[in-house]
Structure formats: C-alpha cells, structure tokens
Amino acid sequence: MDTYELITRNAEEVVTDEEVRKLADDPADKRAYVGYEPSGVLHLGHLLTANKLIDLQEAGMETVVLLADVHAYLNGKGTFEEIRETAAQMKAQFIAYGLEEERTEFVYGSEFQLEEEYTLDLHELELSTTMNRAQRAMAELQSGETAKVSHLVYPLMQTLDIQYLDLDLAVGGLDQRKVHMLHREEIPDLGYEARPCLHTPIIADLTSGEGKMSSSEGVTISMEDSTEDLEEKVNSAFCPPTREPDGDLENPVLELFEYHVFPRFEEVVVERPEKYGGDLTYGDYETLAADLESGELHPADAKGTLASYLDELIAPGREKLRELRS
RNA sequence: CCGCCCUUAGCUCAGACUGGUAGAGCAGUCGACUGUAGAUCGACUUGUCCCCCGUUCAAAUCGGGGAGGGCGGACCA
C-alpha cells in the first residue's frame with residue numbers, strides 16, 4: 001500500500017485531496033492531530049480516529065493527541081482536576097491500544113490555550129464569527145439545547161488549536177467537518193495558513209443500523225466491556241445478511257469489520273462448525289463483505305468472529321483500566 | 001429591572017380549569033419465529049408528578065414562597 005493510500009484509507013472525506021497528496025509525498029516530520037475531550041473510558045468512536053493516527057504513524061508522520069481539558073471544561077464536564085484525571089487515564093488507554101508512545105505527543109490544551117497570544121487571537125476570531133456560525137460548528141452541542149457562550153467559544157478554540165499545535169493535518173470524525181471548515185475559512189484572516197483535514201466516517205448505531213453511534217445513548221462498545229459484554233452486544237447488533245440494507249440503514253457489523261478489525265489485523269479467521277462448512281479465512285474486508293452478501297458467510301458466524309477480534313483489540317486497554325482503578 | 005411561558009416514566013408529552021396519590025407514544029426488558037439481529041406477533045417493567053410551606057378527610061391538580069430553564073420588553077447613557 002503506498003503512502004497516500006495508507007493516509008487516506010477508510011477516510012470518508014479529505015480536504016483537499018491535492019493538499020493531502022502533497023503531504024503523502026513527504027510525510028516525514030509532518031504533524032497530524034486529533035483532539036479529544038478527556039474521557040475516563042475509551043470507546044469505539046475514539047478508537048476509530050486512533051486507527052487513523054496509527055495509519056499516519058505507519059506512514060511516517062508524527063502524531064499529536066490533544067487532551068482537550070479546557071474544551072471539556074467549557075462543555076461542563078467538571079473541574080480541571082477531575083478532567084485532568086480522566087485525561088491521564090485516556091492517555092494510558094491510547095498507548096495500551098497501540099499508539100506508539102515515542103511517536104505520539106500528548107498535549108493538554110491548558111498548556112497553550114491560556115497564553116496571551118492565543119487569547120488575543122481567540123478574541124479576534126470572536127470578532128469575526130457570528131453566533132450562528134459558531135453554534136453550527138459546535139458538534140458537541142446537544143440538539144435542542146440552548147448554547148452557552150462557552151459552547152460558542154469551543155469551536156473557535158478548535159480552529160486555533162490547529163495553528164498553535166503547529167500541525168500539517170487535522171483529523172476528526174465527519175462530525176468535526178464544520179469546525180474544520182470554519183478553520184479553513186477564518187484562519188487565513190489571522191495571517192495563518194489553513195491546514196488540510198481528514199474525516200473518518202461516523203459508524204452506524206449498533207442496534208439499529210441508523211445514523212451514528214452515540215456514546216450518550218444506545219449501545220457503545222468500550223474498554224470497560226468484558227468478553228461476555230462484547231459477545232452480548234455484538235450478538236444483539238442489527239445485521240441483515242447484506243452489505244446494503246434498505247433505506248438509509250447501514251450494516252454496523254460490517255462497518256466494525258471494515259473500520260476496526262481489518263485495519264488492525266492481517267487476517268481474519270471465522271471459526272465455524274463443520275456442520276456449517278468449517279472455518280473461513282479472510283485477508284481483506286471486501287471478500288468478507290461479499291461472502292456475507294452471497295450467503296456464504298452467515299451473520300451469526302460473522303458476529304461471533306467480530307466479538308472475538310474486538311475483544312482482542314480491547315483487551316490491553318481493559319487491562320490498563322483495571323490497573324488504573326486498583 | 002419588568003412581564004409571559006415551561007418543569008410529570010430513559011425521551012416527547014397528556015392529565016391541572018371541575019382535588020380522590022398518574023397515563024399515552026417511543027424507548028427498554030422477556031418470550032415466539034428466524035442458525036444472528038431486525039421486522040412481526042405475545043407479555044412485562046418504569047415515577048421524589050422540580051423543592052418547601054399551607055388549605056383539605058384527601059393535592060400532580062388549589063393558595064403562598066423558592067429553584068432551574070426558555071422567551072420577550074425596558075435601559076442603550
């Protein structure tokens with residue numbers, strides 16, 4: 001797989017393709033980042049962007065993980081002390097998951113976001129951004145909730161972070177699209193250069209196959225799950241025997257194979273009783289999906305396999321969590 | 001500073017005028033059917049009715065006070 005392909009694989013959108021191709025030509029020492037509101041427990045949503053960071057490291061880039069403590073504070077997630085505590089746990093789990101410690105810079109937002117120059121730039125952004133625009137860019141805002149001033153400052157800071165962390169590429173879920181576009185539009189007016197952005201897809205809800213998986217409602221798979229939890233959650237997932245269910249629905253089991261299993265494993269073995277045809281081995285997502293579509297691979301077998309591979313992915317983080325809590 | 005509206009199940013809300021300790025939809029749980037899930041049937045669970053005080057035999061409901069949230073007006077020196 002060439003560098004460009006590695007950088008962009010499984011990405012839903014790249015802005016712009018031309019800029020990212022240039023990055024791929026000379027990835028050494030280039031810096032890419034994802035910002036996370038500190039959370040005590042990593043879930044699949046976090047791991048999806050982490051997978052991309054691992055790809056980028058493999059491509060030779062430096063990666064930066066922003067532990068966005070100030071953002072979390074602005075979003076009402078607790079005191080700074082509490083937030084830093086969960087941030088430390090988050091960092092440990094990322095490393096356990098597979099981010100290379102020596103090639104990942106973990107940065108707390110408060111390390112640079114409270115400095116004078118940053119603050120003055122922030123005020124300049126406030127001056128030129130309408131409340132409407134800022135609110136629409138605020139992905140974290142619950143729909144229906146009335147925005148606080150802090151919610152409007154939040155995306156403006158994200159916009160600035162990309163400059164202040166000296167990045168060459170911003171990574172995030174597709175839900176971060178509006179912030180990134182705000183960055184690209186506004187940051188040149190401050191005299192800085194807009195950076196390219198890479199967006200991962202938003203995975204469908206496990207039980208319904210619709211919309212996006214939400215950490216606040218519905219079933220979430222996280223580092224806290226035991227092997228039995230995983231089996232139960234995956235088994236109850238929506239999984240019609242096709243890769244393209246009716247309407248806007250997706251097949252979340254296939255999505256998990258595509259975005260979580262195959263990027264981390266060379267080979268996937270489906271252990272299957274002789275009665276149903278014996279074991280199957282897949283080297284890539286496409287053939288597995290095609291087999292599900294044709295009926296060669298039964299959803300129940302796909303689920304059992306998915307659960308055990310997810311379990312393997314989560315095991316180190318789960319162990320780390322246990323240590324942190326003991 | 002003034003005025004109006006809202007607060008009841010996990011969610012959206014009904015019930016309040018005409019007091020009798022609560023309902024619907026959705027969600028959830030459990031079975032049946034599928035070698036998964038869903039769909040479809042069948043069954044089931046869920047509550048400090050925002051808080052306090054008062055009236056009453058009896059308050060989600062009436063009266064008073066308070067809290068939280070939303071909206072508008074005024075002020076614009």
Side-chain angles (χ1 to χ4, degrees), chain A residues 39 41 43-45 74-79 127 130-132 134-136 138-154 201-222 224-262 268-282 285 287-314:
Chain A
S39 159
V41 179
H43 56 66
L44 286 186
L74 287 173
N75 202 17
K77 295 296 169 66
T79 66
L127 202 52
T130 62
M131 292 206 281
N132 218 315
Q135 184 164 350
R136 285 191 296 124
M138 176 56 183
E140 299 277 336
L141 197 62
Q142 305 274 353
S143 59
E145 188 183 343
T146 304
K148 301 280 199 300
V149 175
S150 62
H151 290 131
L152 303 184
V153 172
Y154 188 113
I202 301 298
I203 302 239
D205 179 79
L206 197 57
T207 52
S208 68
E210 55 194 20
K212 59 177 183 180
M213 186 174 333
S214 155
S215 52
S216 52
E217 67 181 276
V219 175
T220 310
I221 289 173
S222 79
E224 265 180 333
D225 288 318
S226 68
T227 303
E228 295 71 36
D229 290 337
L230 283 175
E231 282 167 359
E232 197 177 315
K233 287 180 180 182
V234 172
N235 183 47
S236 64
F238 175 66
C239 185
T242 174
R243 51 199 303 176
E244 281 178 25
D246 294 338
D248 295 331
L249 298 178
E250 298 294 335
N251 185 322
V253 170
L254 283 183
E255 287 189 326
L256 294 183
F257 269 113
E258 182 173 15
Y259 298 113
H260 287 282
V261 177
F262 280 104
V268 170
V269 178
V270 177
E271 291 178 17
R272 202 166 59 166
E274 285 304 323
K275 171 184 168 188
Y276 294 126
D279 294 358
L280 292 168
T281 301
Y282 296 100
Y285 167 71
T287 48
L288 182 146
D291 271 7
L292 185 86
E293 186 74 52
S294 72
E296 173 64 25
L297 175 63
H298 192 277
D301 293 321
K303 283 181 173 180
T305 306
L306 177 62
S308 69
Y309 278 89
L310 288 179
D311 188 56
E312 198 172 327
L313 282 176
I314 280 165

Starting from the C-alpha separation in whole Å, work towards a yes-or-no answer on side-chain contact (heavy atoms from CB on, under 4.5 Å) for Asn75(A) and His151(A). CA-CA 7 Å; Asn75(A) 202 17; His151(A) 290 131; 3.2 Å; yes
In whole Å, measure the gap between the [atom1] atoms of [N] and [M] for me.
N: C50(B); M: C76(B); atom1: C1'; result: 36 Å
N: G15(B); M: C4(B); atom1: C1'; result: 23 Å
N: C6(B); M: C13(B); atom1: P; result: 12 Å
N: G54(B); M: G10(B); atom1: P; result: 29 Å
N: A24(B); M: A9(B); atom1: C1'; result: 11 Å
N: C62(B); M: G19(B); atom1: C1'; result: 8 Å
N: A14(B); M: A77(B); atom1: C1'; result: 49 Å
N: C41(B); M: C33(B); atom1: C1'; result: 9 Å

Looking at [N], which nucleotide sits across from it as a Watson-Crick or G-U wobble partner, both distances under 3.5 angstrom, or is there none?
N: G68(B); answer: C6(B)
N: U55(B); answer: none
N: G25(B); answer: C11(B)
N: G47(B); answer: none
N: A74(B); answer: none
N: G19(B); answer: none
N: G42(B); answer: C30(B)

Checking all strands, does Pro245(A) fall into the base, sugar-phosphate, or nothing category for heavy-atom contacts under 4.0 angstrom?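 Nothing, no nucleic acid heavy atom in range.
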Identify which nucleotide among [options] has an atom closest to any side-chain atom of [X], counting heavy atoms from C-beta outward.
X: Tyr276(A); options: U36(B), G70(B), G35(B); result: G35(B)
X: Lys303(A); options: A37(B), C71(B), G35(B); result: A37(B)
X: Phe238(A); options: U36(B), G38(B), C71(B); result: G38(B)

Output the rounded distance in Å from [atom1] ([X]) to [atom2] ([N]).
X: Leu206(A); N: G38(B); atom1: CG; atom2: P; answer: 11 Å
X: Asp301(A); N: U36(B); atom1: CG; atom2: C1'; answer: 9 Å
X: Asp205(A); N: C11(B); atom1: CG; atom2: P; answer: 18 Å
X: Lys233(A); N: G28(B); atom1: NZ; atom2: P; answer: 14 Å
X: Leu306(A); N: A37(B); atom1: CG; atom2: P; answer: 15 Å
X: Asp246(A); N: U40(B); atom1: CG; atom2: P; answer: 14 Å
X: Glu231(A); N: U36(B); atom1: CD; atom2: P; answer: 17 Å
X: Arg272(A); N: U36(B); atom1: CZ; atom2: P; answer: 15 Å

Can you confirm whether Leu297(A) sits close enough to Leu280(A) that some side-chain heavy atom of one is under 4.5 Å from a side-chain heavy atom of the other? yes
Has Glu293(A) got a side-chain atom pairing as donor or acceptor with Pro241(A)'s backbone, closer than 3.5 angstrom?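 Between the backbone of Pro241(A) and the side chain of Glu293(A) there is no qualifying donor-acceptor contact (under 3.5 Å).
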Check: Ser226(A) main-chain N/O paired with Asp229(A) side-chain donor or acceptor under 3.5 Å: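 Such a contact is found between Asp229(A) side chain and Ser226(A) backbone.
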Determine, stepwise, if the pair Ser208(A) / Asp205(A) fulfils side-chain hydrogen bond (donor to acceptor under 3.5 Å, both in side chains). CA-CA 6 Å; Ser208(A) 68; Asp205(A) 179 79; 3.1 Å; yes
In plain terms, say whether Lys233(A) and Glu224(A) are close enough for a salt bridge, that is, a side-chain N and a carboxylate O under 4.0 Å apart.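 Not counted as a salt bridge, because no side-chain N and carboxylate O are separated by less than 4.0 Å.
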Does the plane of the ring in Phe262(A) sit parallel, tilted or perpendicular to the ring in Phe257(A)? Use 30° and 60° as the thresholds. tilted
